[in-house]
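Only one structure is covered here, and it is reproduced in the block below.
On a predicted model such as this, the values are computed, not experimentally measured, just so you know. In this chain, numbering begins with 1 at the start of the sequence shown. Counting starts at 1 for both ligands and their atoms, following the listed order.
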Amino acid sequence: MDKKALLRKIPSVEEILVQDEIKKLITLYPRGLVLNIIRSFLESLREEILNSTDSELNKIEVKLSSLIKSLSAYISVEALPSLKRVINATGVILHTNLGRAPLSEKAKKQVLEVMDGYSNLELDLKTGKRGSRYFHIAGLLREITGAEDGFVVNNNAAAVFLALSTFAKGKEVIVSRSELIEIGGSFRLPEIMKLSGAKLVEVGTTNKTYLEDYELAINEETALILKVHPSNFRIVGFTTEATLLELVDLGRKFHLPVMYDAGSGALVDFASRGFPGEPTIQQAVKMGAQIITFSGDKLLGGTQAGLIVGKKEALEKMKKNHLTRALRVDKLTLAALEATLRHYLEEDVWDNIPVLKMLSTDLKEIKKRAKNLASKIKKVIGAKGEVSLMESFSQSGGGALPNVKIPTWVVTLKINKLPPLKISELLRQANPPIIIRIEEDKAVFDLRTLLSGEERAILRAISHLVV
Ligand SMILES: *Cc1c(COP(=O)(O)O)cnc(C)c1O
């Protein structure tokens, strides 16, 4: 068949729209969206025909029934919401590209509850007067961290920005050269500093910064001493740093506030579960830092947020800054955060917060789940590939516990004639998408980051790979 004849055989949008399968899809997805997808599908079919050689033309299918079949499959994927649930089989627990921390059962319930109707977001139910949205978490933050006060903004980057702008606009901030961090590409301390109007004064060297270095840099322009948790890297070897406690003493001597950007926000003792001891927020509070900032969705295990705890006077000043209004969090964030923080008042926080649970799941338990998944995958792929178990390592991710290799068990998968990169690509396009890692030239499913029930979707997706 020549190109013109083939092009003429392509069905019209109207013809397609009256097909039962398509009509059904229009009840599931917005009609305008489906129409656009049909048009672009037909457009790429036309292009394919125009760009084909004669021998390729024979393989192009324009028969209505088979077109409807492939078009329906295409619509079913393309018409899904853009932001959707995915399965994280990468073994990176706080994967920033995958939305960092999954929420706990109670946090999810609370978000649903609050979004389902109205809420007392800014209403004091006792007096009937206007309340503060920060009220809902302030008590919890005081209780958990021991700080005088606490509130929250959009994320930790915003918290740092707000603090710098409040205390050091047009003034100097002293930071060690070993702590001028970049997190996840877009948070660069010197840039945030510039934006806030504060002037960065670097002291010390990459590996050694002494307390005297800070002291020597203090002058009338100094407004703040800043210490930053290195988060996603460690400097090892010959190193010296001034501790937060020493800096707080120094600040007291010169009447300067001391701020600690704690990054991850560990609220429990990680050493108790065999991890290298992360400094906890409670310790930083005890040391007397005026302002402590940390993320809500890293080791804390909640939603995206920037928590700020510390001295009441300092925090009041920050709340009065008009920037706070621009950086404020919404009710869904507050609902998720309050429910997550409440776990920290319970005994079994390591069981209830998914991030902490994944970090601490017993290796034997992971191996058991890996074995189980492997045997089911074997049944699905039969002789079309190879499945086995392998010991490997998961990671915390999210700029936390950077040197820690967390032992894990993974299921490795090879499928005949399908290179691992291709497997990874096809699984990304599954519904729900499955994100894996590649190791030793094999597709790898890390059981540590799989949530319960996700195995079934993996099996379904793999079964589509081998048909
Ligand atoms: C992650 C991190 C930030 C940025 O926090 P976000 O909540 O992602 O905005 C800032 N400072 C440190 C030390 C961090 O680890």
Side-chain angles (χ1 to χ4, degrees), residues 92-103 137 141 150-165 168 173 175-196 198 200 202 209 224-235 241 244 247 258-267 270 275-276 278-281 283-284 289 291-310 318 323-324 326-330 332-334 336-337 340-341 355 359 395-404:
V92 180
I93 297 169
L94 293 166
H95 202 305
T96 299
N97 299 354
L98 305 184
R100 289 195 184 153
L103 291 181
I137 51 141
L141 286 174
F151 77 112
V152 58
V153 290
N154 184 54
N155 55 15
N156 191 23
V160 173
F161 181 60
L162 175 62
L164 292 172
S165 151
V173 180
V175 191
S176 162
R177 288 202 166 85
S178 65
E179 296 173 0
L180 295 173
I181 54 160
E182 171 177 314
I183 310 273
S186 54
F187 179 88
R188 304 185 102 195
L189 195 65
E191 308 298 328
I192 297 272
M193 189 87 73
K194 219 182 272 167
L195 278 173
S196 74
L200 171 66
E202 304 175 26
T209 306
L224 187 71
I225 298 171
L226 172 62
K227 187 164 179 65
V228 185
H229 187 289
S231 296
N232 54 8
F233 71 98
R234 293 291 179 267
I235 295 174
E241 63 172 323
L244 181 60
L247 291 177
V258 175
M259 166 175 166
Y260 180 46
D261 174 6
S264 234
L267 292 175
F270 278 77
F275 294 100
E278 276 283 306
T280 62
I281 300 302
Q283 286 164 346
I291 309 124
I292 301 158
T293 70
F294 51 103
S295 295
D297 56 354
K298 291 188 184 170
L299 291 180
L300 193 153
T303 189
Q304 180 189 305
L307 291 114
I308 304 158
V309 300
M318 289 175 76
L323 262 177
T324 303
L327 305 174
R328 82 179 185 188
V329 291
D330 81 327
L332 303 186
T333 298
L334 282 164
L337 201 57
T340 306
L341 288 172
V355 167
L359 278 168
Q395 291 172 49
S396 154
L401 309 169
N403 301 336
V404 184

Can L307 and I281 be said to form a side-chain contact (heavy atoms from CB on, under 4.5 Å), step by step?
CA-CA 11 Å; L307 291 114; I281 300 302; over 6 Å; no
If every non-hydrogen atom of P402 is compared with every non-hydrogen atom of F233, which pair is closest and at what distance?
CG-N, 3.9 Å
Side-chain contact, heavy-atom cut-off 4.5 Å: M193 with V175?
yes
In terms of relative ring orientation, are H229 and Y260 parallel, tilted or perpendicular, with 30° and 60° separating the classes?
tilted
Tell me, with the steps shown, if I183 and K298 meet side-chain contact (heavy atoms from CB on, under 4.5 Å).
CA-CA 12 Å; I183 310 273; K298 291 188 184 170; 4.1 Å; yes
Who are the residue neighbours of ligand 1 when the rule is a heavy atom under 4.0 Å from any of its atoms?
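These residues qualify: R100, N155, N156, A157, I181, I183, F187, V228, H229, S231, D261, G263, S295, K298.
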d(L334 CG, I137 CD1) to nearest 0.5 Å is 6.0 Å
